[in-house]
There are 2 protein chains.
Amino acid sequence: MQNNSHPSIGSSIQKMRKAHKLTLSSLSQKSGVSAATLSQIEADKVNPTIATLWKIAEGLEIDIQSLLSGLEKQRPMFDISRKDEITRFDTEEEGVHIRVFSPLSMAEDLEVYTLTFKPGQKLLSQAHPAKTEEFLTVVRGNIRVKAGENEAQLGPGDFIRYHADVEHHIENFGAETALINMVVRFKKGGE
Amino acid sequence: MQNNSHPSIGSSIQKMRKAHKLTLSSLSQKSGVSAATLSQIEADKVNPTIATLWKIAEGLEIDIQSLLSGLEKQRPMFDISRKDEITRFDTEEEGVHIRVFSPLSMAEDLEVYTLTFKPGQKLLSQAHPAKTEEFLTVVRGNIRVKAGENEAQLGPGDFIRYHADVEHHIENFGAETALINMVVRFKKGGE
DNA sequence: TACTAATATTCAGTATACTAAAATAACATC
DNA sequence: GATGTTATTTTAGTATACTGAATATTAGTA
């Protein structure tokens, strides 16, 4: 009813429905949402729930995000994390420093870390959620990376990316302190 | 209440809220959604409307889409790029080395670079496609980053993320060679 | 343990999203 | 323009999302 501030979603849904050449009734059948409700939503007379939106997206065989893309509010962004303000998870007793750079609003999407390994130290990680990928750039030192069945040794300037949805570990097998830049990506649903 | 089919959104919201170090009450204030409702949503006891979700996203200062992530499965992956095999775009004549680590199949989504700036050198980039973000970690040296209206000076250990869909540049204003790790993300657009 | 203060959850009432069914509108074909 | 057929909107009732207030939980302190 109100829909005071954010752009209306009704017209997008209607556009989608017509693009698929569906009537309110046919989309109602495919989605499980009543035609009456669909009508109200398209006319922006109601404020659909997520569950309803989800069903509609399924009925239209599209990603729910596509329906919401219209109501995004793009704002310019320029966030700085100073060295000293950065939250630090420090497993010092094991000789591994982990510094997280992007814990902010995007925590579920992309994270940037710096890892410092003292000689001989290693970091064992349990499997992350499905579709998680890790990207490592070795800045200094020599490390061994193991993910599931796979294993590799990397030196300065080397880069590796791997799926982190299996148990994996990183180990500094060299004599000097290793410095690694890591990016972790939690992929969103379907392509 | 029901929410049978689609992945629960409650835990994501809670994670986000805690990442921002907000209490239910403080988020309630920022978003305009009552703390009671927030509690119910986080516990997946209700089916929020998009209006509510939108307010929450605003309160968290994030994109509403970030709240709607799904899950899927995939095959294991383990790709290594050795230092010497890496494609190198070298603008040596300007004192800036750019090394690209992830040119492969994912180039349209996420790219990882290492940038080396000789003292005094700078790199000017035109606006990238809309929604592009850049993440910089300074490994060594001192740089100045400018994106649109914004500008900042960064030293070793500092991190910055900004929208790169405006003209932007990076400059080494210090006396030593600067080493930067950069991640560029091209966000997927709607439909 | 008792006492606060801060945070989170439950409760009862109200607002509203959702539905089925009825009413209306659009659109043919005679 | 009458009649049937299909598509959409309105209506009335029910289910439930949202809210403020009360209650419960947690954390810290003496």
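Letters A, B, ... are given to chains in the order of the sequence lines, protein chains preceding strands, and every chain is numbered from 1.
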N or O in side chain of [X] less than 4.0 angstrom from [N] OP1/OP2:
X	N	value
A/Ser39	D/dT10	no
A/Lys45	C/dT16	no
B/Thr23	C/dA6	no
B/Thr37	D/dT19	yes
B/Arg17	C/dT7	no
B/Thr49	C/dT16	no

From [atom1] of [X] over to [atom2] of [N], roughly how many Å is that when rounded to an integer?
X	N	atom1	atom2	value
B/Gln29	D/dT19	CD	P	14 Å
B/Ile50	D/dA17	CD1	P	15 Å
B/Gln14	C/dA8	CD	C1'	10 Å
A/Leu53	C/dA17	CG	P	13 Å
B/Leu27	C/dT7	CG	C1'	13 Å
A/Glu42	D/dA7	CD	P	14 Å
A/Trp54	C/dA17	CH2	P	22 Å
B/Gln40	C/dA12	CD	P	13 Å

Q: Kindly say whether A/Ala51 contributes a backbone atom to a donor-acceptor pair with the side chain of B/Asn47 at under 3.5 angstrom?
A: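 Checked: pair present.
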Q. Are B/Leu136 and B/Tyr162 side-chain neighbours, meaning at least one heavy-atom pair lies under 4.5 Å?
A.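 Side chain of B/Leu136 against side chain of B/Tyr162, heavy atoms only: contact under 4.5 Å found.
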Q: Would you give the length of the straight line joining atom CG of A/Leu124 to atom NZ of A/Lys122, rounded to the nearest 0.5 angstrom?
A: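 Atom-to-atom, A/Leu124:CG and A/Lys122:NZ are 8.0 Å apart.
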(Q) Nearest 0.5 Å, please: how far is CD1 in B/Ile9 from CD1 in A/Ile50? (A)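 Rounded to the nearest 0.5 Å, the CD1-CD1 separation comes out at 5.5 Å.
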(Q) Taking the basic N atoms (NZ, or NE/NH1/NH2) and the acidic carboxylate oxygens, is any pair closer than 4.0 Å for B/Glu42 and B/Arg17? (A)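 Salt bridge between B/Glu42 and B/Arg17, a charged N being under 4.0 Å from a carboxylate O: yes.
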(Q) Please pick, from C/dA17, D/dG20, C/dA20, the nucleotide with the shortest atom-to-atom distance to any side-chain atom of A/Ser34. (A)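 My answer, after comparing the listed nucleotides, is C/dA20.
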Q) Which nucleotide in the list D/dT10, C/dA17, C/dA8 gets nearest to the side chain of B/Leu24? A)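 The answer is C/dA8.
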